[in-house]
Amino acid sequence: MSIIFEQASKTFHLTNGKISYLIKILPNGQLGQLYFGKAIRHQERFDHLLEMTTRSMTACVYEDDDLFSLEHVKQEYPSYGTGDFRHPAVRLLQQNGSAITNFVYESHTVTAGKPALAGLPATYCEADSEAETLCIVLRDALIGVRIELLYTVFADHAAIARSARLVNEGDAAVTIDTAMSLSLDLPDCEYEWVQLSGAWSRERHIHTRKLVPGVQSVESARGNSSHNHNPFVALKRCETTETLGEALGFSLIYSGNFLAQAEVDTWGVTRMTMGINPFAFAWKLEPGEAFQTPEAVVVYSDCGLNGMSQTFHRLYQKRLARGYWRDRPRPILLNNWEATYFDFTVEKLLNIAKTARDQGVELFVLDDGWFGARTSDKAGLGDWVPNPARLPDGIGGLSEQIEALGMKFGLWFEPEMVNKDSDLYRAHPEWVICTPGRSMTHGRHEYVLDFGRREVVDFIFESMAKLLREAKISYIKWDMNRCITEAFSGALPADRQGEVFHRYILGVYDLYDRLTTTFPEVLFESCASGGGRFDPGILYYAPQGWASDDSDAVERLKIQYGTTMCYPVSSIGAHVSIVPNHQVYRITPLETRANVACFGTFGYELDLNRLTEEELAMVREQVAFMKEYRGVLQFGTFYRLLSPFDGNYVAWMAVSEDKKTAIVGWYKILNEVNSFFRRVKLCGLDPALRYRVDGAGVYAGDELMNVGLLTTDSSAGECRGDQKPSRDFDSRLFILKAE
Ligand code: DGJ
């Protein structure tokens, strides 16, 4: 891994043997982008990659150089208005009303390792030898603003992490209208754009379309990254598959309003930008102040989408997620939400917990409804004090009873919200985000606390910390059930109201930081009405997240398949729930529900007392299976094999690091009659090893990958003898062990 600077040609080459990233200081002092992709050998000059030829009579050329128009130059951190008419990476509003800037190279440094970003989540190193960071300093001399562009290249990952820091060293305030984390001009537009979009209960479905001239984007303006779009985009070649071909992945480590955009210009150049959404954003930077953008990560793969995803998985699992739980297999939990909703007593909870304990479940989680006057979603949020009518011995008493059963205890919070019917709101109505004189839109009867105010975060931290100190709490489910409306903070002056959304997220990160630092062994699971804030920013604090409120096994195939585009299996909260399912009323086999959920942080979301003896025996087997294989399932190399977005059959697999163990999940949505003979080609095995496939014989690794694993079931003909009849929503797990 190295970052080379060639003084004569003014070229930076960031490389690690897997990828190369080339930047050149342009004749006007601004930064040009020469190349990002598969590693190439170093040369002193790559000047020929700088295409300066003006392409049209309408080009606005730079000063008196007829050959230099910013409109035609691929750039690194462009501004708008001096010849380039595409969307910029940076736009600053100045006191005289101008937004024109000219950021030119001033200096650079290369350091071992990777610096932390103040107040923001980011990838990190554990040793300086793991990465190198280039900081290029640009300056606009007229307004005295300096920009530090950070580029980290990792020794072991085909990824570059980027961010920007703006420092006002001038003597007048400027307002940041746009400050993207990443801007990358790619020389062509022969790509398909892959986005993860959906809605509540159908998060992160994969949508793919060809890039076309003009702007295409996904964004959030809701205050959270959202159910609707994820801060992730891939650009893949049309011929790229899961296992072959080029793909670029773009991911923003941020949980608030974001924009991910591709602008294809008239000459087929693609400008990718990613960062805080400039819409509804304006940040005033006084002299002496600095602004740090979130970090964006760009990944290159020439091994298809699986290659891209595996780079994200490894990087995010090992160098974004942190702490005690980062590398530990996750506890098998039972959450009472779908078992009881708000209707519970201590007796009922203990009864559910005992039965779960008897099947081997390790953690009991008490969800919503234990605090304040909370017996429905109309009251209580903000009052993080146990309700004595429901929990006479408090959370302390209940947690001790659960631990006496031999289980760990977990608790639900929704720290950022308040109900009007709460002591907190009655005492501090001014702590809510709302606009003076306007009506207050609510979501699920909730209002958003102004986490931009330090005293609000202090208060919530103290309420939560008190419980964490007093009771035996090993796990927290941190929920967040509404978006921000009427964004306005009573604590900010008029010219800073554009800062409300970002200050809010900084407050959320601050609370997460304080809690995870003070209680390092508590496992945090993020949640936002399911997967409404399932993003890399939150993953830095909470190593797992409830992927969706939709727990139906068939729906979950799409949700989990899409989620793995960017996020590791160890981060995907997945539970077995009751049938008929509470979201789609579908009845799926218990086996299939577990076979889907085991590719996640496994648990149950139901009252096991409602199952038959036969079903409970299955649950015991599932729990035992999960305990034996969760290391491979959650931390192995994950491959998508057959997509639920393409057909009736779905398959994926996880392979252990030593390639000696693999688990294949195979799923059929609807049953078929007299159907095809089928086999699925596996990935990631050792071609030279022979694998015993549980209950199905011994096969060579190369055969399983090149010929395939036979998955033909009785739908290919009539059932004979003791052959198990196949059915709708069928599934099988194949356990492969090297002999
Ligand atoms: C929404 C979450 O996604 C659910 O899992 C549950 O915790 C409810 N909130 C509780 O109100």
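Order of listing sets the numbers, starting from 1, for every ligand and every atom in it.
Between His502 and Phe281, the two ring planes are perpendicular [angle over 60°; tilted spans 30° to 60°].
No part of Asp377 comes within 4.0 Å of ligand 1, judged by heavy-atom distances. In Cys527, the part holding a heavy atom less than 4.0 Å from any atom of ligand 1 is the side chain.
Near Asp549, with a cut-off below 4.0 Å to any heavy atom, the atoms of ligand 1 are 1 (C), 2 (C), 3 (O), 4 (C), 5 (O). Under a 4.0 Å criterion applied to the non-hydrogen atoms of Trp412, ligand 1 contributes the atoms 7 (O), 10 (C), 11 (O).
For Phe279, the CZ atom sits in a loose shell: 12 or fewer heavy atoms of surrounding residues, nucleotides or ligands are nearer than 6.0 Å. Within 6.0 Å of the NZ atom in Lys472, the count of heavy atoms belonging to other residues, nucleotides or ligands does not exceed 12.
The distance criterion of under 3.5 Å between nitrogen or oxygen atoms is met by Gly530 with respect to ligand 1. Backbone and side-chain nitrogen or oxygen atoms of Glu605 are examined, and none is located within less than 3.5 angstrom of a nitrogen or oxygen of ligand 1. On a distance-only criterion, Asp368 and ligand 1 share at least one N/O pair closer than 3.5 Å.
At a 4.0 Å cut-off, at least one heavy atom of Arg444 sits close enough to ligand 1 to count as contact.
Of all the heavy atoms in Leu449 and Tyr504, the pair that sits closest is O-CE1, 3.3 Å. Closest of all the heavy-atom pairs between Trp546 and Cys527 is CD1-SG, 3.7 Å.
For Trp431 and Phe451, the ring centers sit 6.0 Å or farther from each other. Between Trp337 and Phe344, a ring centre-to-centre spacing not shorter than 6.0 Å is recorded.
With Trp478, Trp337, Phe413, Trp546 as candidates, the residue nearest to atom 8 (C) of ligand 1 on a non-hydrogen basis is Trp337.
Scanning the protein for heavy atoms near atom 2 (C) of ligand 1, the closest one is Asp479 OD2, 3.2 Å. The closest protein non-hydrogen atom to atom 5 (O) of ligand 1 is Lys477 NZ, 2.7 Å. In this structure, the protein non-hydrogen atom closest to atom 10 (C) of ligand 1 is Asp367 OD1, 3.4 Å.
Phe602 does not carry Arg630 over the face of its six-membered ring by the limits of under 6.0 Å from the centre and within 45° of the normal.
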